[in-house]
Amino acid sequence: MKMALKEMKKNRVRFLILGSIVFLVSFLTFIISGLANGLSQDNAALIKNLPDGQFYMANDADQTYNLSKIDLNTQNEILDKHQEAVAFSIQMGFLNEENGKQRSVAFVTSTDSPLFEKVNPGEIILDQSLKDAGIKTGDILTNNQHNGEFTVKGFVEQSKYSHAPVVYINPEDFKEIYRIEEMQLIFIPGSDTTQHFSNLKAFSKKEFLNTISSYKAEQMSLNMIVWFLVVISGMLFAIFFYMMNIQKMGLYGILKAIGVKTSSLFKMMWTQMAVITFIALILSVVLSQTFNLLAPTSMPFHLPTATTVQLSFIFILIGFAGATLSGVQIKKIEPLQAIQQGEM
């Protein structure tokens, strides 16, 4: 370890450059991961906040929830059999403020269930983001397809769908707006095994989220960038230590000639990798978590501690793998040949 630290001190500029690059790559990875999680919440918090369970939609809906119509008899049969089950519908729409401003929202209605907000006819409960936009409890809002008015009853946090704030509405008001009697979906919480019902198709929470086209495409793109950056960090370590090993071929030959074991040379390289990675990760974690706290509420950014720890662990593994791969040549070094090569 002393030998590794002495070399780092002697070649501090080289290692500082590598550490800076690893810091920038890891910091960028944390930021993009935070954006991916934030956009995930902004796109489907309504679904993600539900407990694990099974979602059911009509077979002929072609995995498109807003084309699904659950037969009323089937719905009643399932709700009678599973007391914790709930039928619900989601449709995009608009609400008009008293000043004429129009807000894009996602209307949500459901049968009685503690999983969804219960509202009376003529009342609505809104996502907190609309409160931040200036709407207050008691305000009167309207919809062009509804004959009456809606009174804002209250607000809930983290309830969005398709990047729009959710509006909980009474089933009768929902039917009047969309001229539809059937519910679109049935959710049975806590059910790990898929149950089969006539003309219905089952989805786990993850599978149902992937039926939301915008969610799947968005998350796939951002996650691909995150993993691409992780791979780049591994390549950086591999290339850097490979070049360092080429330059130190003669030194390694001398060390092997005087009895230094190959395992000791690997440990020296791993120590250098660990020092660089830990310092870079500590800086990037502190900065990314600070940004997570200071980011404006309007920005879809969410970086939980679990994600940070997971990515940090992956960076350490990738760095270890990259450094080890580049050090395979150390094992093959013949002392005399390496000394002669180092003298050329």
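The basis for the numbers below is simple: all heavy atoms, side chains too, and nothing from hydrogens, waters or symmetry mates.
- There is a side-chain donor-acceptor pair under 3.5 Å between S129 and D127.
- With no hydrogens or angles considered, no side-chain donor-acceptor pair links S110 and Y168 at under 3.5 Å.
- The side chain to side chain donor-acceptor pair (under 3.5 Å) test with Q158 is passed by exactly one of Q41, Q128, H302: Q41.
- Counting heavy atoms from C-beta outward, S20 and I17 have side chains that stay 4.5 Å or more apart.
- Within the 4.5 Å cutoff, the side chain of L141 has no heavy atoms near those of the E149 side chain.
- For the pair L95 and F150, the minimum side-chain heavy-atom distance is below 4.5 Å.
- Of the listed residues (N43, L209, N210), just one forms a side chain to side chain contact (heavy atoms under 4.5 Å, CB included) with K216, and that residue is N210.
- Between F30 and L311 the shortest heavy-atom distance is CE2-CB, 3.5 Å.
- Crowding of M92 atom CE: a count of heavy atoms from other residues, nucleotides or ligands under 6.0 Å exceeding 12.
- Residues L67 and D60 fail the side-chain proximity criterion, which asks for heavy atoms closer than 4.5 Å.
- T308 and Q289 are linked by a side-chain donor-acceptor pair at a separation below 3.5 angstrom, with hydrogens and angles left out of the test.
- Judged purely by distance below 3.5 Å, without hydrogens or angles, the side chains of H82 and E77 never pair a donor atom with an acceptor atom.
- With contacts defined as side-chain heavy-atom distances shorter than 4.5 Å, the pair L294/F291 does not qualify.
- Atom CZ of F278 is surrounded by 12 or fewer heavy atoms from other residues, nucleotides or ligands within 6.0 Å.
- By the 4.5 Å heavy-atom criterion applied to side chains, I316 and L281 are counted as neighbours.
- Looking at D139, its side chain never comes within 3.5 Å of a backbone N or O of V152 through a donor-acceptor pair.
- Contact record, I169 with V119: C-CG2, 3.3 Å, taken as the closest heavy-atom pair.
- Judged as a side chain to side chain donor-acceptor pair (under 3.5 Å), the pairs with a partner in residues 24-40 (not counting sequence neighbours) are, in order, S26-S284, S40-K48, S40-Y215.
- Dense packing is recorded around NZ of K205, with more than 12 heavy atoms of other residues, nucleotides or ligands lying under 6.0 Å away.
- A donor atom on one side chain and an acceptor atom on the other are not found under 3.5 Å apart for N143 and N96.
- Two residues are said to be in side-chain contact when any heavy atoms from C-beta on lie closer than 4.5 Å; E117 and V156 meet this criterion.
- Without hydrogens or angle criteria, N120 side chain to E123 main chain gives no donor-acceptor distance under 3.5 Å.
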